[in-house]
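Only this structure's heavy atoms are used, side chains among them; waters, hydrogens and symmetry mates stay out. Only a predicted model underlies this, so the values are computations on that prediction, with no experimental measurement involved. Order of the sequence lines sets the chain letters (A, B, ...), proteins ahead of strands, with each chain counted from 1.
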2 protein chains.
Amino acid sequence: MTDDTNGDLKAPSKVRLIEVAQEAGVSRSAVSLALRGHPSIPKRTHARIQDAARRLGYVYNRGAANLRTASTQTVGVVVHDVTNPYFAEIVAAVQDEMTLHGRVILFGNTQECTTRQAEFIETFREHNVDGLILCPAAGTQADMVADIQRSGVPLVLFSRDLPDADVDYVGSANFEGMQSATAHLIGAGHRRIAMVGGNTDTSTGRDRLAGYRAALGDAGIAEDPDLIVEGPATRDFGMRTIRALTTREPELTACVCFNDVLAFGVMLGLRADNKEAGRDFSVVGFDDIAEATLWRPALTSFGFSRQELGRRVAEMLLRRIAEPNSPPKRIILNFELRSRESVRAR
Amino acid sequence: MTDDTNGDLKAPSKVRLIEVAQEAGVSRSAVSLALRGHPSIPKRTHARIQDAARRLGYVYNRGAANLRTASTQTVGVVVHDVTNPYFAEIVAAVQDEMTLHGRVILFGNTQECTTRQAEFIETFREHNVDGLILCPAAGTQADMVADIQRSGVPLVLFSRDLPDADVDYVGSANFEGMQSATAHLIGAGHRRIAMVGGNTDTSTGRDRLAGYRAALGDAGIAEDPDLIVEGPATRDFGMRTIRALTTREPELTACVCFNDVLAFGVMLGLRADNKEAGRDFSVVGFDDIAEATLWRPALTSFGFSRQELGRRVAEMLLRRIAEPNSPPKRIILNFELRSRESVRAR
DNA sequence: GGATTGCGCTTGATCGATTTACTAGATCGA
DNA sequence: TCGATCTAGTAAATCGATCAAGCGCAATCC
């Protein structure tokens with residue numbers, strides 16, 4: 001079997017419908033219909049044809065089919081960073097759902113570069129994708145979305161909103177989520193609460209900050225600009241920030257963080273000063289990444305299911321492909337409290 | 001231009017070569033040749049044609065072209081888990097390199113399921129990919145590789161080796177790497193060293209375990225089966241394992257981990273028992289993922305560049321596509337020590 | 001008994017590009 | 001001035017499937 005003295009030595013994958021037809025003693029069309037399970041071909045013939053196809057090692061040529069049919073059964077997925085587990089999880093979920101519907105994914109990773117993003121979209125259009133799923137790179141203009149829509153390619157955006165675009169979108173309730181997170185601390189008796197990290201360059205950052213402010217306002221707590229520290233979402237920044245803050249603000253008893261990574265930094269920073277989250281200070285994270293459970297103390301966080309988001313995105317695109325002219329829809333997933341050990345009532 | 005009071009109102013993407021030809025006053029062939037920069041079309045005509053194409057918003061239809069040409073300019077990439085940053089980084093690197101060569105990626109995530117894997121490969125073949133890149137799911141048989149090869153589709157495997165397959169492969173020196181990692185601890189004065197995680201289902205697991213054993217042997221340290229704990233590569237498993245081990249084995253002063261994720265779990269587990277890596281216990285990770293630097297204490301690990309691996313995989317596939325009959329090649333990348341804070345000499 | 005319908009297929013056109021073979025006219029060398 | 005070569009294209013065949021239209025025969029209907 002591994003030696004190729006002779007064997008059938010089937011010519012590598014050059015079997016076409018017509019060869020199968022000859023083998024089965026029918027016409028091309030009969031084979032085409034049979035293989036796609038058309039009812040006009042009776043069972044016996046169908047079996048005979050399928051047998052012939054198997055014998056010859058026939059491989060369906062979708063490229064050829066696509067030339068006649070409308071759909072290519074492909075969709076483009078463009079994200080800005082698969083290396084980030086948040087997006088990897090979403091891509092995986094989209095992939096799952098699309099596979100379930102027999103579609104294949106053309107994948108593009110833009111690395112936050114709008115030029116690359118435009119190239120992927122262009123190439124995917126040349127490949128005739130049935131639709132596009134996109135988390136726009138920072139700096140994406142709303143009119144590029146309009147361009148895609150005008151060209152007639154179904155499009156769904158996720159996670160990052162584009163203010164002026166009238167388009168299908170699946171995202172999360174950043175404002176309400178951060179509002180709840182802050183309210184959670186207020187409910188636990190805290191009054192001086194810092195907001196660590198995030199910035200106003202993206203809708204995500206703006207919305208979360210606004211949620212924090214709203215919660216303070218609701219509770220009648222005056223906002224103190226000194227307690228809002230914008231910055232990168234890194235462990236290191238969280239660590240430095242909390243040490244500076246607690247030194248400067250002895251009354252501070254809690255903080256909300258733009259995301260979990262910052263919260264881990266905060267917890268490390270506290271420990272460096274011999275304080276412990278959940279005992280001497282309360283910390284709430286955001287996004288509920290996998291690590292949140294495993295940390296000691298386990299991090300209280302607000303999160304939503306990335307898997308659900310991915311699934312929803314896929315479903316939404318399939319719907320738009322089916323009904324290209326239905327009005328744009330928005331789905332916003334809610335954050336839920338995952339209460340753990342890093343918060344203490346006072 | 002942005003307002004569509006009337007304007008050209010271009011029929012969504014139904015512009016074909018022939019329309020461009022009419023617009024430019026030449027034949028279909030001339031347009032085809034011009035757009036691909038064929039020298040027989042002079043500059044002036046070329047410009048006129050390109051102008052016409054732009055005016056009409058022509059989109060190249062690769063599907064149609066593929067029917068005539070050999071190549072589809074697509075390659076399939078199948079991994080078992082994008083959610084794992086290790087693979088995400090490789091996928092991103094492969095993507096980059098392929099984009100550089102004008103190729104697009106069909107992407108499949110198998111979730112370690114050989115059935116899904118087979119489906120992806122089948123579908124990708126129907127889509128006429130020029131080649132396949134695969135990190136085989138656990139339990140993949142060597143003859144499925146042989147099947148793909150027989151069918152004439154260029155194939156490159158990475159990261160996980162398939163013992164009996166005679167195929168292009170890019171991987172890492174797992175044996176030597178783990179041997180160095182263990183030797184590193186021995187060099188720091190440790191004698192009782194555990195091996196946490198990994199299993200013998202994959203070549204990776206077997207090789208790393210063998211490397212650990214070899215290093216012990218080289219140093220004349222007797223192997224203790226109680227110190228070898230196989231298991232899944234999760235934070236949680238690392239955490240539980242180290243707690244059990246340190247309770248049971250008071251003499252234990254260090255461990256090597258199958259990968260960094262396990263090492264993080266080990267560090268968390270130590271902390272849960274009021275021990276600290278780098279002070280009370282020494283931990284060496286494996287793979288050197290991005291997080292290793294960010295952790296406190298920063299994790300000492302052995303790694304190689306995933307970007308390089310991805311690039312090499314892509315290059316190797318492109319080479320095989322160009323020379324389908326060249327003998328299979330293997331590239332093995334070496335692990336390098338990234339010494340940080342989680343190891344302490346004694 | 002003639003018309004209609006249904007079954008199980010086939011024929012031939014077609015999708016939108018590429019490619020081979022060819023040609024009208026210009027240029028050139030002898 | 002004649003044949004050869006070059007230039008700038010064109011016409012037609014082709015890739016491998018799909019699909020609309022149709023065909024021969026038998027069964028059914030009125």
Side-chain angles (χ1 to χ4, degrees), chain A residues 11-50 52-53 56-74 123 125-130 152, chain B residues 11-50 52-53 56-74 102 123 125-130 151-152:
Chain A
S13 189
K14 276 279 107 194
V15 186
R16 295 161 303 161
L17 227 38
I18 195 163
E19 270 92 46
V20 179
Q22 274 155 8
E23 176 85 6
V26 291
S27 73
R28 258 170 19 266
S29 314
V31 179
S32 174
L33 293 168
L35 293 185
R36 283 173 302 146
H38 193 278
S40 90
I41 307 291
K43 268 207 186 99
R44 281 191 36 75
T45 317
H46 184 275
R48 195 154 44 90
I49 290 174
Q50 221 159 28
L56 299 179
Y58 173 74
V59 175
Y60 183 63
N61 185 334
R62 271 174 208 275
N66 292 167
L67 202 49
R68 287 299 322 252
T69 57
S71 158
T72 57
Q73 305 289 6
T74 59
T123 311
R125 285 192 56 201
E126 294 183 354
H127 277 277
N128 260 306
V129 291
D130 294 340
Chain B
S13 191
K14 276 279 109 193
V15 186
R16 294 161 304 160
L17 229 37
I18 195 161
E19 272 91 45
V20 179
Q22 275 155 5
E23 176 85 6
V26 292
S27 72
R28 254 174 18 270
S29 322
V31 179
S32 173
L33 294 168
L35 293 184
R36 283 172 302 143
H38 193 278
S40 92
I41 307 291
K43 265 203 188 105
R44 280 188 39 73
T45 318
H46 183 274
R48 195 154 45 90
I49 290 174
Q50 221 160 28
L56 298 179
Y58 173 73
V59 175
Y60 182 63
N61 185 332
R62 272 173 206 275
N66 292 165
L67 203 48
R68 287 299 322 253
T69 58
S71 157
T72 57
Q73 304 290 5
T74 60
T123 311
R125 283 192 58 201
E126 293 183 354
H127 277 278
N128 259 306
V129 291
D130 294 340
S151 79

B:Ala30: which residues meet the side chain to side chain contact (heavy atoms under 4.5 Å, CB included) condition with it, sequence neighbours left out? B:Val26, B:Ser27, B:Ile41, B:Ile49
Side chain to side chain contact (heavy atoms under 4.5 Å, CB included) involving B:Ser32 - partner list, sequence neighbours excluded: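 B:Ser32 satisfies side chain to side chain contact (heavy atoms under 4.5 Å, CB included) with B:Leu17, B:Arg36 once adjacent residues are dropped.
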Run the side chain to side chain donor-acceptor pair (under 3.5 Å) test against A:Glu23 and tell me which residues pass, sequence neighbours left out. A:Arg55
Considering residues at least two apart in sequence or located in another chain, which fulfil the side chain to side chain donor-acceptor pair (under 3.5 Å) criterion with A:Glu19? A:Arg16
So which atom in [X] and which in [Y] form the shortest heavy-atom distance, rounded to 0.1 Å?
X	Y	answer
A:His46	A:Gly37	NE2-CA, 4.5 Å
B:Val15	B:Leu56	CG2-O, 3.2 Å
A:His127	B:Thr74	CE1-CG2, 3.5 Å
B:Pro42	B:Ser40	CD-O, 3.5 Å
B:Gln73	B:Asp130	N-OD2, 2.9 Å

Pair listing, side chain to side chain donor-acceptor pair (under 3.5 Å) test, anchored in residues 57-70 of chain B, at least two apart: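 Listed by first then second residue: A:Glu126-B:Arg62, A:Asn128-B:Asn61.
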Would you mind reading off the bend of the helix from C:dG1-D:dC30 to C:dA30-D:dT1 from its two end axes, five pairs each, to 10 degrees? 50°
For A:Tyr58 and B:Pro39, take the nucleotide of DNA chain D holding the closest heavy atom to each; which residue's nucleotide lies nearer the 5' end? B:Pro39
How would you give the extent of chain A contacts on DNA chain C, as first and last nucleotide 5' to 3' within a 4.0 Å heavy-atom cut-off?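 First-to-last contact on DNA chain C, by the 4.0 Å heavy-atom rule, is C:dG8 to C:dG16.
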Could I get the full list of salt bridge (Lys or Arg N to Asp or Glu O under 4.0 Å) partners for B:Arg48, not counting sequence neighbours?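 Applying salt bridge (Lys or Arg N to Asp or Glu O under 4.0 Å) to B:Arg48 gives none.
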Rounded to the nearest Å, what distance is computed from the CG atom of residue A:Leu35 to the P atom of nucleotide D:dG16? 16 Å
Quick one: A:Gln22 CD to D:dG16 C1', roughly how many Å, whole number?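 About 14 Å, once rounded to whole Å.
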Rounded to the nearest 0.5 angstrom, the CD-CZ distance for B:Gln22 and B:Arg28 is 10.5 Å
Nucleotides 18-27 of chain D: protein proximity per nucleotide (B base, S sugar-phosphate only, - neither; heavy atom, under 4.0 Å): BB--------
For DNA chain C, what residues of residues 42-50 of chain A have any heavy atom nearer than 4.0 Å? A:Pro42, A:Thr45
